[in-house]
Amino acid sequence: MHTLLVEDNDRMAHALGTALAVRGHTVRRVSRAQDALRHVGEAEFVLLDLGLPDLDGLELLRRLRPLCAAPLIVVTARCEEHDIVGGLRAGADDYVVKPFRMAELMARIDSVRRRTSPAPGTPGTPGTPGAAPSAPGESAAVRPGPVRAGDTVIDLAARTVTVAGAPVRLTRREFDVLAYLAARPREAHSRAEILYRVWGDALRAASRSLDVHVAGIRTKTGRPNLVRTVHRFGYQLGPGAGGEPAAGDAQEPPAALGPAHR
């Protein structure tokens with residue numbers, strides 16, 4: 001795997017490059033945002049420091065995402081909540097704060113790779129276009145057509161969302177969360193279940209990653225009811241605008257609890 005390492009600290013870059021090489025990565029290290037933009041097209045994975053000399057790392061992340069769909073982890077000393085939230089909303093697949101244990105970072109890289117690299121012939125694998133996220137190796141029961149919630153249309157096959165006919169651009173992870181809920185609109189899903197099925201890691205249940213992405217879905221669609229909070233449990237696809245149930249949910253009981261709750 002070819003990894004683009006965007007890191008301006010020589011000592012940190014050497015340590016990361018060595019650890020990645022041991023695990024079979026080929027590494028291109030750059031220290032400036034302009035070089036990252038130049039080489040991101042060849043990357044299969046990106047590690048991004050936010051403290052760069054020529055451009056703020058969050059702004060670079062926003063510029064990289066339209067150019068590159070490769071998995072990306074932010075690795076930075078910035079530990080403030082607004083930085084973490086900003087990084088996740090801008091499209092980072094994970095956010096690791098320095099100092100960190102190298103073994104933990106390598107494990108997070110493996111986790112991100114698992115959930116974004118489809119297994120051949122497995123349409124329900126996380127990260128596969130047109131599939132709702134599922135557990136590693138488990139095929140999802142994907143609804144065949146677009147899912148409607150009020151005036152919101154979620155096209156699982158095309159990985160698109162429209163609201164009142166206008167396209168809405170979500171990050172990959174935001175769409176994965178929404179697609180998972182939309183593929184099973186009758187069910188309420190626990191936080192741990194969503195984190196496992198979408199992120200591949202149920203131990204993130206104490207983190208704010210899921211909440212950040214749900215907030216992003218609500219804000220970008222302008223439909224705060226599109227994702228319904230199930231108090232002290234998790235989330236469910238909501239009615240969107242107009243108070244109508246999601247397609248296929250008319251006259252149905254409110255929810256059947258997901259497997260993590262049973």
Side-chain angles (χ1 to χ4, degrees), residues 6-8 33 36 40 45-52 55-101 104-105 107-109 111-112 115-116 126-127 133 159 161 163 168-181 189-238:
V6 188
E7 170 62 66
D8 68 330
V40 71
F45 203 99
V46 181
L47 292 179
L48 173 64
D49 179 32
L50 298 184
L52 302 175
L55 185 68
D56 179 76
L58 285 177
E59 178 58 29
L60 174 60
L61 176 54
R62 296 185 190 100
R63 297 186 188 184
L64 288 176
R65 264 311 174 213
L67 304 175
C68 175
L72 185 150
I73 297 180
V74 169
V75 183
T76 181
R78 297 185 190 176
C79 59
E80 297 296 326
E81 182 180 44
H82 66 87
D83 289 314
I84 298 173
V85 170
L88 293 171
R89 284 184 172 170
D93 293 290
D94 205 345
Y95 193 107
V96 177
V97 176
K98 301 174 184 177
F100 55 85
R101 294 180 177 88
E104 178 186 352
L105 177 61
R108 287 180 179 270
I109 291 173
S111 177
V112 169
R115 68 184 185 242
T116 57
R159 291 183 65 87
V161 177
V163 176
V168 175
R169 183 171 182 172
L170 301 179
T171 67
R172 176 176 56 195
R173 195 60 61 220
E174 287 167 348
F175 184 86
D176 286 346
V177 171
L178 183 58
Y180 185 74
L181 300 179
H189 304 273
S190 73
R191 293 174 58 83
E193 177 193 348
I194 298 168
L195 288 164
Y196 175 66
R197 297 299 180 89
V198 176
W199 275 266
D201 183 0
L203 297 180
R204 289 169 172 265
S207 78
R208 292 205 56 198
S209 295
L210 176 56
D211 301 318
V212 167
H213 287 83
V214 167
I217 293 168
R218 290 168 171 164
T219 299
K220 292 177 181 179
T221 60
R223 299 293 183 265
N225 293 327
L226 182 59
V227 178
R228 182 173 72 87
T229 299
V230 181
H231 183 56
R232 300 183 67 179
F233 180 67
Y235 294 102
Q236 181 180 13
L237 186 70

* Asked: Rounded to the nearest 0.5 Å, how far does CD1 of Ile109 lie from CG of Asp94?
  -> 9.5 Å
* State which residues pass side-chain hydrogen bond (donor to acceptor under 3.5 Å, both in side chains) with Arg169; sequence neighbours excluded, sorted by chain then number. => none
* side-chain contact (heavy atoms from CB on, under 4.5 Å) between Val6 and Leu60: does it pass, once the steps are laid out? -> CA-CA 10 Å; Val6 188; Leu60 174 60; 4.2 Å; yes
* Let me know which of Val212, Val75, Leu50 forms a side-chain contact (heavy atoms from CB on, under 4.5 Å) with Tyr95. => Leu50
* Could you check Val168, Leu226, Val161 and say which one makes a side-chain contact (heavy atoms from CB on, under 4.5 Å) with Lys220? => Val168
* Quick one: NE2 on His82 to CG on Leu58, what's the gap to the nearest 0.5 Å? -> 9.0 Å
* Residue pair Arg159 / Phe175: nearest heavy atoms and the distance that separates them -> CA-CZ, 3.2 Å
* Considering non-hydrogen atoms only, spot the tightest contact between Val112 and Pro71 and give its length. => CG1-CB, 3.4 Å
* Structure fact -> Distance col, row Arg101:CZ vs Arg108:CZ, nearest 0.5 angstrom, shows 11.5 Å
* With respect to Tyr235, which candidate in Val177, Leu210, Ile217, Val230 satisfies the side-chain contact (heavy atoms from CB on, under 4.5 Å) definition? -> Leu210
* Residues in side-chain hydrogen bond (donor to acceptor under 3.5 Å, both in side chains) contact with Glu81, at least two apart in sequence or another chain -> Arg208
* Structure fact -> Taking every heavy atom of Val74 against every heavy atom of Ala92, the minimum-distance pair comes out as CG2-CB, 3.8 Å
* Could you tell me whether Arg78 and Asp49 have a side-chain N and a carboxylate O separated by less than 4.0 Å? => no
* Minimum-distance pair of heavy atoms, taken over all atoms of Cys79 and Val97 -> CB-CG1, 3.7 Å
* Asked: When Glu174 is tested against each of Thr171, Leu178, Asp176 for side-chain contact (heavy atoms from CB on, under 4.5 Å), which residue passes?
  -> Thr171
* Roughly how far, to the nearest 0.5 Å, is OG of Ser209 from CD1 of Ile194? -> 12.5 Å
* To do: Verify, without hydrogens or angle tests, whether Arg65 (side chain) and Ala90 (backbone) share a donor-acceptor contact under 3.5 angstrom.
  => no
* Asked: Are Arg218 and Asp211 close enough for a salt bridge, meaning some N to O gap below 4.0 Å?
  -> no
* How many angstroms lie between CZ in Arg173 and CG in Asp93, if you round to the nearest 0.5 Å? -> 5.0 Å
* To do: Decide yes or no on side-chain contact (heavy atoms from CB on, under 4.5 Å) for Leu55 and Arg63, but give the supporting numbers first.
  => CA-CA 11 Å; Leu55 185 68; Arg63 297 186 188 184; 3.9 Å; yes
* **Pairwise side-chain contact, Leu181 with His189, heavy-atom cut-off 4.5 Å (strictly under)** => yes
